[in-house]
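See structure below.
All ligand and atom numbering here is 1-based and tracks the order in the structure.
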Amino acid sequence: MKAYLLKLLYPCLLICLVLPLSGKASGYADIQPIALKCEHLENPIGVDAAHPRLSWMMSDNRTGAKQTAYRIVVGTDSLAVRNGKGVTWETGKVLSSNNLVIYNGKALAAFTKYFWLLELWDKDGKAIPAKQVSSFETGMMGMENWKGTWISDRNDVNILPAPYFRKVFSAAKKVKSARAYIAVAGLYELYLNGKKVGNHRLDPMYTRFDRRNLYVSYDVTAQVQSGKNAIGVLLGNGWYNHQSIAVWNFDKAPWRARPTFCMDLRITYSDGSTEVIASENSWKSSPSPITFNSIYTAEHYDARLEQPGWNTVDFNDSRWRGVTMRAAPSKNIVSQVMHPIRNVEEIPAKTMQKFNDTTYVYDLGRNIAGVSKIKVKGEAGTVIRIKHGERLYANGHVDLSNIDVYHRPKDKNDPFQVDIITLSGNADEFMAKFNYKGFQYIEVTSSKPVELTKESITGYFMHSDVPATGTISSSNPLIDRLWWATNNSYLSNLFGYPTDCPQREKNGWTGDGHFAIETGLYNFDAITVYEKWLADHRDEQQPNGVLPDIIPTGGWGYGTANGTDWTSTIAIIPWNIYMFYGDNKLLSDSYGNIKEYVDYVTQISPNGLTSFGRGDWVPVKSQSSLEYTSSVYYYVDAVILSKAAKMFGKQSDYAFYSTLAEKIKTAINTKYFNRETAIYGKGVQTELSVALQWGIVPEEFKARVAENLAKRVAADGMHLDVGVLGAKAILNALSDNGQAETAYKIAAQDTYPSWGWWIVNGATTLYENWNIQATQDISLNHMMFGEIGGWFFKGLGGIKIDEQQPGFKNILLKPNFVSGLDHFEATHDGPYGKIVSSWKRSGNSVIYKVTVPANSSATVYFPLAGGKKAYKGTQMLTDKLAIGAGNYQFEIK
Ligand code: BGC
């Protein structure tokens with residue numbers, strides 16, 4: 001069954017399975033702890049944290065539902081745990097509504113499955129019995145537990161084919177459980193007895209390989225059989241052995257080498273004994289049919305070189321060579337505890353145009369990041385070239401000229417986004433394993449005639465497979481489409497780290513990452529990706545506090561523009577993770593790094609103003625002062641740091657950095673704010689917007705500055721005049737300060753320059769340039785203008801974070817019933833469950849419905865401008881109402 005069908009049916013299956021057991025379809029049976037997670041994942045394996053985080057939701061749809069106490073029992077014996085008998089940790093009944101708790105029991109042992117049971121007490125103090133036991137399993141928990149050696153084949157970086165590795169071993173006794181732990185510098189596919197283990201793609205995630213390597217854990221109990229078994233490993237280059245040449249010099253990265261891996265296959269037999277089959281000297285290696293693979297450009301494959309059964313027991317490997325032992329790429333090998341990259345969506349071709357029997361062009365109907373799969377039969381030795389691009393020339397052929405501009409190939413052997421396959425003469429099937437691309441169109445050319453049909457090509461949308469957590473639906477199809485396109489770009493740029501674009505660069509541009517953070521977190525449960533990316537930040541930070549433009553980097557990006565408007569990721573990302581999840585671990589882990597960063601900026605900017613930055617990138621027409629915008633981000637960092645200092649009880653830091661923040665703000669306002677006119681700088685959209693968005697404007701001037709911004713937008717014909725910094729700020733700046741009507745008008749604008757202009761011109765992703773005719777900076781899949789996808793939740797749905805009770809413990813609901821929309825609904829699955837904010841016009845009134853999940857609360861702010869009144873039934877309300885969990889309906893008229 002197709003994966004998406006399974007996903008759809010899953011809830012029904014669950015209900016069918018659970019109902020007969022629990023006996024009742026409603027009432028107390030539905031009240032239970034749900035979504036139990038460890039390190040923000042359900043039942044993870046390979047957890048290395050000594051004090052993992054446990055979190056949950058409470059399913060209880062009664063009005064005012066809340067958790068008054070919890071009790072956690074953790075142990076290694078699931079039955080004992082089920083009976084409430086803790087072995088390693090037992091919290092006792094804790095009177096608290098917390099739903100995120102840090103494990104604080106006995107020291108956890110490596111390679112151990114821990115079961116945990118959660119009991120809650122409801123609003124009436126009644127115990128809610130736990131329904132199911134959840135689990136987490138520890139991994140290596142330290143370098144010393146590895147048994148394997150890093151091995152590679154005997155080739156150097158100049159040898160192109162991807163290597164196979166194999167090892168046959170015997171499982172002497174009955175297998176009780178088996179785990180595979182594989183650490184790779186480069187990329188891998190792991191096979192057991194001929195079958196691929198797991199469905200991860202492009203694993204492990206990209207890190208700065210000489211500082212930190214990731215290992216991946218699999219439960220392979222079902223794949224290991226008693227008796228003989230074969231392990232197969234195929235290694236790809238990824239970012240580790242970057243062969244393609246482009247302007248960022250990844251081919252010269254200090255870590256570059258032939259891919260290598262270390263693996264422990266740990267078997268526990270039913271008699272309790274364990275055995276580890278590890279990577280070592282006796283493994284064998286051979287070149288695979290993948291004759292070339294570049295994460296950046298493409299993959300080449302010669303089907304004539306296939307070795308059927310290479311990863312099975314009976315394969316004759318007498319012609320294979322031995323391996324070479326290698327030093328570990330770094331001394332820091334840690335578990336990859338995150339949602340992996342997958343082929344998430346299968347996209348059939350929408351159209352095929354046959355030019356002749358050697359040239360075909362396919363259109364997927366939408367722009368994606370990922371790969372294509374081709375099924376083709378042709379004469380042995382036929383060479384097929386599969387070119388992937390975002391645009392077509394007028395003559396219908398694929399045009400790469402908007403995305404191949406930074407590629408510097410030394411010869412014709414590494415064409416951009418072109419897979420090259422050589423046919424075997426049998427029916428061949430090919431899909432790149434160690435590369436992905438950004439594309440909508442696929443041009444297939446063949447050295448000899450081949451017969452292809454529309455079904456011969458399929459697209460696969462790949463990305464970090466983070467669960468979706470947000471929805472938008474409205475009466476304006478343009479808004480709904482924009483939201484969808486924004487998410488498409490967000491996901492196209494999420495590959496274990498956020499990228500700028502999936503084709504031209506695939507770089508972890510810092511600025512693009514934080515411009516997109518709120519949109520990302522309203523729509524997806526992406527904490528695991530950001531926690532990993534901030535670890536990449538910590539790896540990259542210079543001793544003086546400076547961070548590079550792109551992270552990870554092979555050394556490029558320490559220029560002069562890598563300043564606050566881009567590299568403030570170090571503060572902005574952890575802060576937003578805390579805001580959206582109520583989890584301050586990342587902020588705590590990054591605290592010292594934020595401090596070093598802010599101290600560096602302070603050292604080069606003694607008067608409180610800094611020009612360390614890039615400025616309002618890709619603007620429509622107006623420029624804003626670089627010193628002004630960079631100083632605003634410097635202020636943002638100092639504020640985050642001072643708030644973090646306060647939360648972590650660092651009193652002197654708090655005093656120091658809050659004073660610094662005030663100093664920066666004063667310096668900005670003294671130089672750039674005209675109190676007479678209530679204008680910042682020259683008064684262009686970006687200058688007015690960033691001051692409002694980032695809290696620079698003195699309270700008493702906010703309304704006037706926002707009015708000036710609205711006037712500026714009107715004078716600009718209700719169109720945007722911003723680059724990335726303005727695009728991040730302008731919608732919030734308006735809707736947070738009484739100008740929601742103007743915000744909506746520019747959000748729903750469909751002529752140039754606007755987001756909608758892209759959509760009416762056929763965009764299914766966001767672009768890099770407002771001007772679709774521009775000749776540079778014209779990727780068609782960029783996330784840097786993507787704040788609008790988060791703004792829908794805030795500015796129209798009004799679902800906002802309460803900084804005093806983050807993680808949507810208390811939700812601020814501040815909807816704007818803007819003219820031009822008849823209805824609007826936003827939902828967000830936060831840490832407590834689904835939040836719904838939905839409004840609909842009905843005659844002269846607006847019906848406003850909200851859902852506040854159990855164990856959280858909300859403060860509703862009714863928009864009552866123009867003398868409107870809010871009602872709950874017949875009861876008239878004031879403009880502000882505090883509510884507990886439940887479903888509510890209000891009428892505003
Ligand atoms: C990238 C951007 C990035 C910018 C910074 C571009 O090449 O694609 O998204 O932020 O450079 O200058």
>> Could you check whether Glu518 pairs with Lys728 (Lys NZ or Arg NE/NH1/NH2 to Asp/Glu carboxylate O, under 4.0 Å)?
In response: yes

>> Check Asp721 with Lys621, please: is the shortest side-chain N to carboxylate O separation under 4.0 Å?
In response: yes

> Tyr490 vs Phe524 aromatic rings, parallel, tilted or perpendicular, using cut-offs 30° and 60°?
Replying inline: parallel

> Is a salt bridge present between Glu596 and Arg538, judged by a nitrogen-to-oxygen distance below 4.0 Å?
Replying inline: no

>> Any salt bridge linking Arg212 with Asp539? Criterion: basic side-chain nitrogen under 4.0 Å from a carboxylate oxygen.
In response: yes

> Would the Tyr634 and Phe612 ring centres measure less than 6.0 Å apart?
Replying inline: no

What are the atom names and distances for all N or O pairs under 3.5 Å between ligand 1 and the protein?
unit_1, atom_1, unit_2, atom_2, d
ligand 1, 7 (O), Arg504, NH2, 3.3
ligand 1, 7 (O), Glu505, OE2, 2.5
ligand 1, 8 (O), Asp500, OD2, 2.7
ligand 1, 8 (O), Arg504, NH2, 2.7
ligand 1, 8 (O), Glu505, OE2, 3.3
ligand 1, 8 (O), His782, NE2, 2.8
ligand 1, 9 (O), Asp512, OD1, 3.3
ligand 1, 9 (O), Asp512, OD2, 2.4
ligand 1, 9 (O), His782, NE2, 2.9
ligand 1, 10 (O), Asp512, OD1, 2.5
ligand 1, 10 (O), Trp566, NE1, 2.9
ligand 1, 12 (O), Arg614, NE, 2.8

